[in-house]
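Just so you know, these numbers use all the heavy atoms, side chains as well, and skip hydrogens, waters and symmetry mates. Numbered from 1 within each chain, the chains take letters A, B, ... in sequence-line order.
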Amino acid sequence: MFRFFMPPSSASRSVAESADSMGTRRRKRKEQGYEAPSPAAGKPKHSTSKKKKKRGLTKRDCQSLKLLRLTSDFENSACQSFFGSLMQQGALGNFFVHTCYDDNISINHNFWCLEKLGSEVNHVKTVLHPDLTLGKTVEGPSVVHVSRSSSIEEARKGLPIVMMEQEIMEAINGSSIVIICGETGSGKTAQVPQFLYEAGYGSRGTVGYQVRHEKKIREDCSIKFMTDGILLRELQSDLLLRQYSIIIIDEAHERSLSTDILIGMLSRVVWLRQQQEKMHAGSEASSENALTVLKLVLMNATLHVEDFISDRRLFHEPPAVLEVPTRQYPVTIHFSRKGDYGDYLRLASKKVIQIHRTLPLGGKLVFVTGKGEVDYLCQKLRKESQRMERVSKDITAVLEDNEAFKYSGLCILPLYAMLPADEQLRVFRDIPEGQRLVVVATNVAETSLTIPGIKYVVDSGREKVKNYNHRNGLAAYEIKWISKASAAQRAGRAGRTGPGHCYRLYSSAVFGNVFSDFSSPEITKVPVTGVLLMMKSMGIDKVASFPFPTPPQAAALTEADRCLKALEAVVSKGRLTRIGRAMSWYPMSPRHSRIALFQSNLVFAYAIASAAALSLHNPFIIPCHSRGNNENTREELDIDNERDGGRVSPPLKRQRVMGKPKPAVEENHLRFRNHNSDALTVSYLLQLHDLTGTKVEKEEFCRENLLHVKTIDEMSKLRKQLLELIFHLGGCDEEFHGVMEAQRMWNPPGRILAQAICAGWADRVAKRMQGCPKSSDKDLRVRAARYQSCALGETVFLHPSSSVSHSRPEFVVYTELLCTKRSYLHGVTGVKPEWLVKYASSLCNFSAPLLEPRPCYDSLKDGVFCWVRPSFGPHLWPLPLHGVPAENDMVRISIFACALLEGNVLPCLRCIMLRPESLGQSRVFNLLKKMKVGNVIIDRRAILCEAWRKNPQLLRSEIQCWFQEGFRHLFDELWEECRRRFSWRVSSFFLWPRERRRSREEKKQSC
DNA sequence: GTTAGGGTT
């Protein structure tokens, strides 16, 4: 079976496309001077647009919705389905699909002719067609005949990449690895799969897709679209990727973590498949299991391919690199005269107004760094716009109908990823008559989605990045200059539909001297614990020599290694443990997999809820209490009313805009509070959410309680995914229902769950500081609890929003140490110090065995233990005394002998209360001497049992002599009774609770 | 007494 792999590429297109399908962009297309035929004309409309409104516009969501629509639209026919998928690729894709639908594509294997561009033929490609499902190779070259209408042909002619079809296909046929570089708009995403299709790849069967939480793959699927994360998972279970013959990785320049690892992995898979093929070619064996070579196509939007080609370890033979000219409209770049404006928000606002007043019509897109800046700038622009409107009215009143002075208002819309979906969608809807669009956006508009009709871009040149210190785990958000590549991408947003302008709020000198060429790949910036675990599970032990396009920092690998050891996923030599292997199969960070794997049955299900809760961001929205400007909020409400037709109730809307009054919100959040753990607080919240009826009610629940809808929704899906993974795959449906029923009552075993969380975050521990040393005057005023983190020297604080901020446990584990106003602990759970020894022993130091308290025999564990004084982490926090198995043979023998005589090994043999003076007696010496039989040391009940089986009289006389003369006649009976019990069941001795309790009390006294 | 750039299994 032929399958392409296409990680669905940038959602930019998808969103634009989705909006397109809803028929809302026609206005914009008219503005652009053409009217594209509607791909959906005459076909049933799909409900996905509705669905989209409710859900977030994450990149993945867009992909999945779009693909759902496409595959269901076209699923009757394999090729139509495939071309349907290509619809996502922009207007030209639309033309193509439209025609395919109307004109009957013919598929013809072993057909030699290909009609191209309506002119002469002449394009015969010799492409092998190994059909794995049939298990045989189709003889001769195979091409697919496609006839297109003249309008399509015309449109295709305009695409630079079409002229390169032959070159691209020759490269792919001649080389296992090909890199195609072409800027946005070159048509590579839409056309390359078509080229392959026409060449006979994947021309049989249907098109499917898979993203997280959503999968539409039919039996006869031959082309599969998926995200990079999904393929990475598949790679884990089939290193040779037997199902695929070509893999296309789109948007490789984005250098996401998964893409980078995939490229490294695939370089080896390609090689392995070549070896396989050679092996089979040499043998006469049946071709049933024969594997063909695997081809890899990387598609890059920039010419920066150094990382892919320079390191010979990655690709032994240099890949073919093709450059496709772009079809982008010209964008004029305007730099500022002054180098660096600190107050870029003020400047941005000024620039927007200036463009608005002096330049022709066209949408404006402003890039700033975060939600705060977006909101601030929106507010500022609205004020300015209102002021100008008033002035304009005054002037027109004086000059009467003079159009030249008539001011048209600005429609100012915010855009960032965490904005609720319906508010995000406003940028794609029609704006009120007479207004002009201004979108103030974060980076989300740079890579993830494209707003139609943008002619002017105002670029602040900054972005917010999350920095992570691998050594101490301290994270912080920083505002930094973007890279030259990013700046180009932002500017490009002005040239999607016609010539545009980009106003950069920095000078060309700053751009030239300060900006880096490219943004650093994600792998260099994030913890790589999960990456390391996955590689180990795939048998890649020497991660340091893995051919990453860009290797992670050495400190990151060290940290990851230390973390995996702390989680007991690997042993000291780096080998995976059983639990580590299990962890590698969970679709979460290793820490949360560890939590989920803590115990079985009911605890398990709660642990999963906790793991899901910790896997996403904190869902509580911290309301903004600033009073704000009434006029602005009023205006925003009015716009809302216009857009949603008054569907959302005004009080709700007001609440959304202004935030609830503080006490009500706090009271609401208190309802969920677990005083020992943020994770349990959020998992309870998750439970309430999941028990809430319909989707609409769930959303209402979030609004009422000021929660991020998207975050909770994602959390809920993750929880479901994990439960299904565990119960259904294991075939435990009944158990699953039992657990779910029991869980409806929601009575989590808090203590055990806190231990589970402790096991997952064993190396992120903080201890409350006693005596509150203040490092600065500023600290004097802080009332938040002070802690010392095991990873950091300086004082850190419990975040005031944490559930445990009042209980302030002595020891906590935390999921994040984020430096904002101060260094704050987030995701906190209180833990007992003794748990640290149990779940983070790799980070503990232990003293030599103590003489006092003296070692003792533990009847439940059946062993002799001595006490050590543990301390935790680099600050050597003292922990409670801890028992470890005694190493000294004599200590073990004598303590066990003592316990035997005291009846702690076998209660019926309780013969004496040992006193210190008895230690000098010869009967002590005799007993101890007999407890070493050859090489065997009798220091445990189990060993004694085994020894008695061989020699029933062992120790008899040595023990008998401890009984008083008067009782010795009873001894024979007692002895037989004891031995009989031994032979029944070792553990049965200690089912005499009263005896055991007494023995413990005695032990305590002796300690 | 207070934060959230963008992705993903």
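Taking the six-membered ring where the residue is Trp, the centroids of Y506(A) and F515(A) are separated by under 6.0 Å. You'll find the ring centres of F797(A) and H799(A) outside the 6.0 Å limit.
Applying the side-chain contact (heavy atoms from CB on, under 4.5 Å) rule to H708(A) yields the partners M418(A), I621(A), T711(A); only residues at least two apart in sequence or on another chain are considered. Under the side chain to side chain donor-acceptor pair (under 3.5 Å) criterion, R233(A) pairs with Q236(A), sequence neighbours left out.
Each of Y477(A) and P587(A) was assigned the nucleotide of DNA chain B with the nearest heavy atom; the assignment lying further toward the 5' end belongs to Y477(A).
Here dG6(B) presents its P atom at 21 Å from CG of D260(A), a figure rounded to the nearest Å. Computed from coordinates, the Y416(A) OH to dG5(B) C1' distance equals 13 Å when rounded to whole Å. The interatomic distance linking E234(A) (CD) with dT9(B) (P) rounds to 12 Å, in whole Å. Per the geometry, CD1 belonging to I523(A) stands 18 Å off P belonging to dT8(B), to the nearest Å. Taking atom NZ of residue K525(A) and atom C1' of nucleotide dG7(B), one finds them 11 Å apart after rounding to whole Å. Protein atom CE of M588(A) is 14 Å distant from nucleotide atom C1' of dT8(B), rounded to whole Å. L722(A) places its CG atom 13 Å from the P atom of dT9(B), with the value rounded to the nearest Å. Between D459(A) atom CG and dG5(B) atom C1' there is a gap of 14 Å when expressed in whole angstrom units.
You'll find a donor-acceptor pair under 3.5 Å spanning the side chain of E522(A) and the base of dG6(B), going by distance alone.
For the OP1/OP2 pair of dA4(B) and a distance below 4.0 Å, the side-chain nitrogens and oxygens of K371(A) include no atom meeting the criterion.
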